[in-house]
Protein chains: 2
Amino acid sequence: MPRAAYHHGDLHQQAHDQALAVLRLEGDSAISLRAIAKQIGVSAPALYRHYADRESLLAELAISGFAALRQQLLSVDQHAPRAALIGIGLAYVAFAQSEPNLYRLMFGGRVLPKGAHPRLDQAGLDAFNVLQDTIARGQRAGYLKPAPLPLMTATAWSLVHGLSQLTIDGHLPNADAEPQLAEGITSLLLEGAITPTHPHIDNNEDNP
Amino acid sequence: MPRAAYHHGDLHQQAHDQALAVLRLEGDSAISLRAIAKQIGVSAPALYRHYADRESLLAELAISGFAALRQQLLSVDQHAPRAALIGIGLAYVAFAQSEPNLYRLMFGGRVLPKGAHPRLDQAGLDAFNVLQDTIARGQRAGYLKPAPLPLMTATAWSLVHGLSQLTIDGHLPNADAEPQLAEGITSLLLEGAITPTHPHIDNNEDNP
DNA sequence: CGGGTTAAGTTAACGGTGTTAACATTGGCA
DNA sequence: TGCCAATGTTAACACCGTTAACTTAACCCG
């Protein structure tokens, strides 16, 4: 077996795990190849046999993050359209809140420019498609308006992503009542924000 | 007056400007105190007379960013409620798209943990309040539902923030038709995503 | 006007980083 | 068995943020 062997045999996976642990605890900027190598008990350049550079390591973490997010979204019950939509939203926000640093890496944008890591882009698309399919199902069931699918998907994605980002970074004042917040927001999108008493008369006067 | 003077006289502002220029071009991770000092023609530790550390410099950039965002939101015409709400949304997204790297710094979350820079938190709140006031006005005018104000504000903020983040990072497929997208999304939130059959009149859309 | 206090700059240095070059070791296959 | 490719090693380069100790200049006050 591997008793201080020259060839480690498991370096790739072990570096991945170690980096993920550091990411969870301290965020992506705290991930250091040298520190990871030292922790594993290997020299720093050894990591370059398994990752082209630091960014590739981070990309791989983000890829597994998107896969986990996708799994979490796939586990939502798709029976009733409304429950499915709200369930997707709650699952999405719950993922972000349970893995804030991983989520920030996945969507940070600072690292990982769009086209640099094709597998990353694909993983993001795969998660995106779960949400899109749920919306399309809601439309086919007649529950959702027949608005253009890209528009509806962009709206839903923007809403859950924005809420996730704002909550995990503490930007929302009145941060009390979080679970109700996510559900209330989703409901508000579904049912609309304007008063349903009259069909919209646009140029309404505003003073009392 | 000061030609190659020992006391620079304007170092604080000049470092701020230089850092902002680098931020715009290459993002916050490319901001280096040593490089900025060299560019200005001063030694690196001189910057520590004006900024406690690198993070403080970044915080100051973010503060001025929030002030600029607030000004842009304040310039929206507040006459008609619906136009005001859509205008705020468009102005918000336009700001993010015109200053993507600055916007990422302001909301990145990686740098600048919540309570570390009180002036930053206050600047964010000031911008937040412009949006919140607009929503409250819409409620007083009877245009918006009388839902809890924090809920409505969180929803609107999440939506525009999410859309901004997703578009500037290129996460949305079908990224065509951007201006329509922002307006369509805002309208969708206002009028609701579900088919208006539920409010007990003339329902003929049917589907199991 | 002169002198001291202090704000604002200097160089030198510490420990850390990603990354490359050149070399060493090993496992597996012809 | 012998070679080759994969996978490690050490040394080194060019950066980085930050601190300590020192120097210069500006200003205020007696």
Side-chain angles (χ1 to χ4, degrees), chain A residues 1-23 25-62 101 105 108 110-113 116-117, chain B residues 1-23 25-62 101 105 108 110-113 116-117:
Chain A
M1 308 291 277
R3 52 112 208 275
Y6 191 93
H7 284 67
H8 191 285
D10 197 28
L11 223 184
H12 189 101
Q13 180 65 35
Q14 208 161 332
H16 180 109
D17 296 347
Q18 179 69 25
L20 183 57
V22 174
L23 173 68
L25 290 177
E26 310 179 57
D28 56 283
S29 65
I31 294 179
S32 149
L33 294 187
R34 294 182 102 117
I36 288 175
K38 178 179 294 185
Q39 178 80 17
I40 296 181
V42 88
S43 73
L47 295 176
Y48 285 81
R49 301 294 175 187
H50 302 272
Y51 299 96
D53 49 18
R54 193 186 106 108
E55 190 175 296
S56 297
L57 210 202
L58 298 184
E60 195 167 284
L61 296 181
N101 284 330
L105 172 64
R110 46 180 158 171
V111 268
L112 317 175
H117 302 269
Chain B
M1 308 286 265
R3 54 107 201 266
Y6 191 92
H7 283 65
H8 190 285
D10 197 29
L11 223 183
H12 188 100
Q13 180 65 35
Q14 209 159 332
H16 179 109
D17 296 346
Q18 178 70 24
L20 183 58
V22 174
L23 172 69
L25 290 177
E26 312 180 55
D28 56 282
S29 65
I31 293 179
S32 148
L33 294 188
R34 294 182 102 119
I36 288 175
K38 177 178 294 186
Q39 177 81 16
I40 296 181
V42 87
S43 72
L47 296 176
Y48 286 82
R49 300 292 173 188
H50 302 274
Y51 299 96
D53 49 19
R54 192 185 104 108
E55 189 174 299
S56 297
L57 210 202
L58 298 184
E60 194 166 284
L61 296 181
N101 285 328
L105 172 64
R110 46 178 161 178
V111 267
L112 319 173
H117 303 268

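Lettering of chains follows the sequences in order, A, B, ..., and the numbering in each one begins at 1.
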What is the minimum heavy-atom distance between B/A37 and B/L47, and which atoms define it?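 Smallest heavy-atom distance, with atoms named: CB-CD1, 4.0 Å.
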Testing the basics here: between B/Y51 and B/A15, what is the closest heavy-atom pair and its distance to 0.1 Å?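 Where B/Y51 meets B/A15 most closely, the heavy atoms are CE1-CB, 4.0 Å.
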Tell me which of B/R49 and B/E55 sits closer to the 5' end of DNA chain D, going by the nucleotide each one is nearest to.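 That would be B/E55.
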Taking only nitrogen or oxygen atoms into account, show me every contact under 3.5 Å that the protein makes with nucleotides 14-17 of chain C, one pair per line with its distance.
unit_1 : atom_1 : unit_2 : atom_2 : d
C/dT17 : OP1    : A/S32  : OG     : 3.0

Nucleotide of [options] approaching [X] most closely (side-chain heavy atoms):
{"X": "A/P45", "options": "D/dG8, D/dT19, C/dA21", "result": "C/dA21"}
{"X": "B/H50", "options": "D/dA11, C/dC23, C/dG9", "result": "C/dG9"}
{"X": "A/A44", "options": "C/dA12, C/dT19, D/dG8", "result": "C/dT19"}

Integer-rounded Å distance: [N] [atom2] and [X] [atom1]:
{"X": "A/Y51", "N": "D/dG8", "atom1": "OH", "atom2": "P", "value": "12 Å"}
{"X": "B/Y48", "N": "C/dA7", "atom1": "OH", "atom2": "C1'", "value": "19 Å"}
{"X": "A/I40", "N": "D/dT9", "atom1": "CD1", "atom2": "C1'", "value": "16 Å"}
{"X": "B/L47", "N": "C/dA7", "atom1": "CG", "atom2": "P", "value": "18 Å"}
{"X": "B/H12", "N": "C/dG9", "atom1": "NE2", "atom2": "C1'", "value": "16 Å"}
{"X": "B/D10", "N": "C/dG9", "atom1": "CG", "atom2": "P", "value": "10 Å"}
{"X": "A/I36", "N": "C/dT19", "atom1": "CD1", "atom2": "P", "value": "12 Å"}
{"X": "B/K38", "N": "C/dT11", "atom1": "NZ", "atom2": "C1'", "value": "15 Å"}

Once you round to the nearest 0.5 Å, how far does [atom1] of [X] lie from [atom2] of [Y]?
{"X": "B/H12", "Y": "B/D17", "atom1": "NE2", "atom2": "CG", "result": "10.0 Å"}
{"X": "B/H50", "Y": "B/H16", "atom1": "NE2", "atom2": "NE2", "result": "14.0 Å"}
{"X": "B/Q18", "Y": "B/L11", "atom1": "CD", "atom2": "CG", "result": "11.0 Å"}
{"X": "A/L20", "Y": "A/E60", "atom1": "CG", "atom2": "CD", "result": "10.5 Å"}

Hey, can you pull the donor-acceptor pairs under 3.5 Å for the side chains in residues 29-36 of chain B, sequence neighbours left out?
unit_1 : atom_1 : unit_2 : atom_2 : d
B/S32  : OG     : B/R34  : N      : 3.4
B/S32  : OG     : B/A35  : N      : 3.0

